[in-house]
Amino acid sequence: MTTLKQKLAEKIDEQRPRIRKLVKENCSTVIDQVTVEKLFGGMRGLKCLVTDISYLDPEEGIRYRGYTLPDVFEKLPKPPGAEMPYVEGLFYLLLTGDIPTEEEVNEVIDEFRKRSILPEYVCEVIDNFPAGSHPMTIFSAAMLSMHKESLFDRGFHGGASKLDYWDPTYEDTMNILAKLPEIAAYIYTKLYHDGNRIQKDPNLDFGSNFAHMMGKDKPYDEVSRMYFILHADHESGNVSAHTGHLVSSSLADMHLSLSSMLNGLAGPLHGLANQTVLQWIMDLHKKRDGKIPSEDEMKQFVWDTLNSGQVIPGYGHAVLRKTDPRYMMQREFALRHMKDDELFKFVDLLYKVVPPILKEHGKAKNPWPNVDAHSGVIQMHYGVTEYDFYTVMFGVGRALGVSANVIWDRAMLYSIERPKSLTTDMIEEMIKKKG
Ligand code: HAX
């Protein structure tokens, strides 16, 4: 057994009695209240999910296992001479709560290498999609196509004990994650580069191998590692994480759960916003023949978007009330590596003009940029110009967090999710009775 799996097994054994005791002794303690506003408003802010993998503070932003993003980037082991840590180390942290040693990270790299052989039928699924299909649809289908490999399903139908469900769930996860860089890079080369597939390099880590198979030179490996780590998790209530959790709560296996997670991520108010941001900026770039707008012209462009009834993509958030630290980390990267990039200057100017406009507009509770406002220009700078692909990379990153959550859900024997619904008549009646 690898150190990662051994440690996970030990942590699961520690956590199980803690949860059992907590629920037994406090089963009717009230944590939050469901108001009418929350019922009709997407359950915004309702405290009704549990995860120990990450926590999103409205002011501070995301913490992975208690570590802020700057801490995560500082403490996780890095490839020699590299700026950005190994993605494998982040997965170790998400799963166990511990910062791994270099040796422990190398073990995960080795595990992924052993499990990375992609079945040919996955490429055939990708090859046979109709022209014009969105890369996220293809990605989700590629994930789904591997369902027949599920060890969890085999174990479940073979009569495995509930207490052991987490084990094949972990095995499925490792088998899937090991293949994601190649699946994503294959979708990219297939859609935009005539299927000229670049073989993976067994000597490279998760992020570097993705960069290599994308055909992008250094420092794109740094960009890839940064990107996957920044997008990995954002606690449990966002659409992709919640969908993954919900679907897996029926004991659907990891392939089904991650495919559903990807479908949720593909919505424009969620992960697809990174594509929309770039489309929006490129429209302006084209209109202005690449000339950087003045501050007043940029303000007008933002107001025109709002006045036409659209949202400003990349701005606002359901939980955050400050600039997203994932945005700031990307901004700092851009300032270090590409501060003279033409599109970065657009993004920089938007950062200056959008928040005061959204405040004046008076609707958005959070006028500040989120992760998606920045990610596209960095990809564009390093040659990934096909912006409908950006959400696929978000999906590769998000698979790390969602799968860590699902393994823990299984290990803690969490129930199938089944809240109760009411009719509008019933709600009106309840209000009348109270009033
Ligand atoms: N531009 C214009 N209006 C905005 C806005 C924005 N960026 N953000 C919020 N609003 C509006 C909402 O549409 C809503 O209007 P109505 O009352 O007319 O419905 C009002 O302000 C209140 O919304 P809110 O409470 O501040 O925000 P929500 O929690 O409802 O929604 C969203 C959060 C992220 C969906 C929202 O801010 C938005 O649409 N942003 C733009 C799209 C985007 O960037 N999405 C990515 C978010 C991060 C993420 O999940 N990444 O994957």
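Just so you know, ligand 1 is whichever comes first in the structure, and atom 1 is the first atom listed for that ligand. The first residue in the sequence is number 1, and the count goes up from there.
Of the protein's heavy atoms, none falls inside 4.0 Å of atom 14 (C) of ligand 1. For atom 23 (O) of ligand 1, the nearest protein heavy atom is 4.0 Å or more away. For atom 2 (C) of ligand 1, the protein comes within 4.0 Å by at least one heavy atom. Protein heavy atoms are absent from the 4.0 Å sphere centred on atom 32 (C) of ligand 1.
With respect to Asp52 and Arg65, no salt bridge is recorded, no charged nitrogen being found less than 4.0 Å from a carboxylate O. Looking at Glu37 and Arg44, no side-chain N of the basic residue comes within less than 4.0 Å of a carboxylate O on the acidic one, giving no salt bridge. At a threshold of 4.0 Å, the pair Asp71-Arg63 does not count as salt-bridged, since none of the basic side-chain nitrogens sits closer than that to a carboxylate oxygen. With salt bridges taken as basic N to acidic carboxylate O contacts below 4.0 Å, none links Asp153 and Lys148.
Of the protein's non-hydrogen atoms, Ala364 CB, 3.8 Å is the one closest to atom 5 (C) of ligand 1. Distance from atom 30 (O) of ligand 1 to its nearest protein heavy atom, with residue and atom name: Arg44 NH2, 3.1 Å. Protein heavy atom at the shortest distance from atom 27 (O) of ligand 1 is His317 O, 4.5 Å. Nearest to atom 51 (N) of ligand 1 among the protein's heavy atoms is Asp372 OD2, 2.7 Å. If you check which protein heavy atom lies closest to atom 25 (O) of ligand 1, you get Lys365 NZ, 2.8 Å. The protein non-hydrogen atom at the shortest distance from atom 20 (C) of ligand 1 is Lys363 O, 3.7 Å. Tyr315 O, 2.9 Å is the protein heavy atom nearest to atom 40 (N) of ligand 1. Atom 47 (C) of ligand 1 has as its closest protein heavy atom Asn370 ND2, 3.4 Å.
Every atom of ligand 1 is numbered from 1 in the order shown, and the set under 4.0 Å from a heavy atom of Gly314 is 43 (C), 44 (O). Every atom of ligand 1 is numbered from 1 in the order shown, and the set under 4.0 Å from a heavy atom of Ala318 is 29 (O), 33 (C). Near Phe394, with a cut-off below 4.0 Å to any heavy atom, the atoms of ligand 1 are 52 (O). Near Gly271, with a cut-off below 4.0 Å to any heavy atom, the atoms of ligand 1 are 52 (O). Ligand-side atoms of ligand 1 in range of Leu306: 2 (C), range being under 4.0 angstrom from any heavy atom.
At a 3.5 angstrom cut-off on N or O pairs, Pro313 does not count as close to ligand 1. Looking at ligand 1, you'll find an N or O of His270 within less than 3.5 Å of one of its N or O atoms.
Considering only non-hydrogen atoms, atom 6 (C) of ligand 1 lies nearest to Ile312 out of Val319, Leu265, Ile312. Checking Leu269, Thr276, Thr305, Asn366 against atom 46 (C) of ligand 1, the nearest heavy atom belongs to Leu269.
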Run the side-chain hydrogen bond (donor to acceptor under 3.5 Å, both in side chains) test on Arg113 and Asn209 for me, step by step, so that the C-alpha distance in whole Å, both residues' side-chain angles and the decisive distance to 0.1 Å come before the verdict. CA-CA 10 Å; Arg113 184 179 303 128; Asn209 226 339; over 6 Å; no
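Ring centroids of Phe228 and Phe210 are separated by less than 6.0 Å, placing the two rings close together. Aromatic pair Phe301/Trp280: centroids less than 6.0 angstrom apart. Remark: aromatic rings of Phe333 and His374 are distant, center separation not under 6.0 Å.
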Donor-acceptor pairs are to be reported for all side-chain atoms of residues 424-435 against protein atoms at under 3.5 Å, with residues two or more places apart or in another chain.
none

Show which side-chain atoms of residues 350-359 pair as donor or acceptor with protein atoms under 3.5 Å away, not counting sequence neighbours.
| from | atom 1 | to | atom 2 | distance (Å) |
| --- | --- | --- | --- | --- |
| Tyr351 | OH | Thr323 | OG1 | 3.4 |
| Lys352 | NZ | Glu295 | OE1 | 2.9 |

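No donor-acceptor pair closer than 3.5 Å links the side chain of Ser140 to the backbone N or O of Met136.
Residue contact annotation: Asp324 has no non-hydrogen atom under 4.0 Å from ligand 1. Within the 4.0 Å heavy-atom shell around ligand 1 one does not find Asn238.
Taking the six-membered ring where tryptophan is involved, the planes of Phe394 and His270 are perpendicular, since the angle between them exceeds 60° and thus also 30°.
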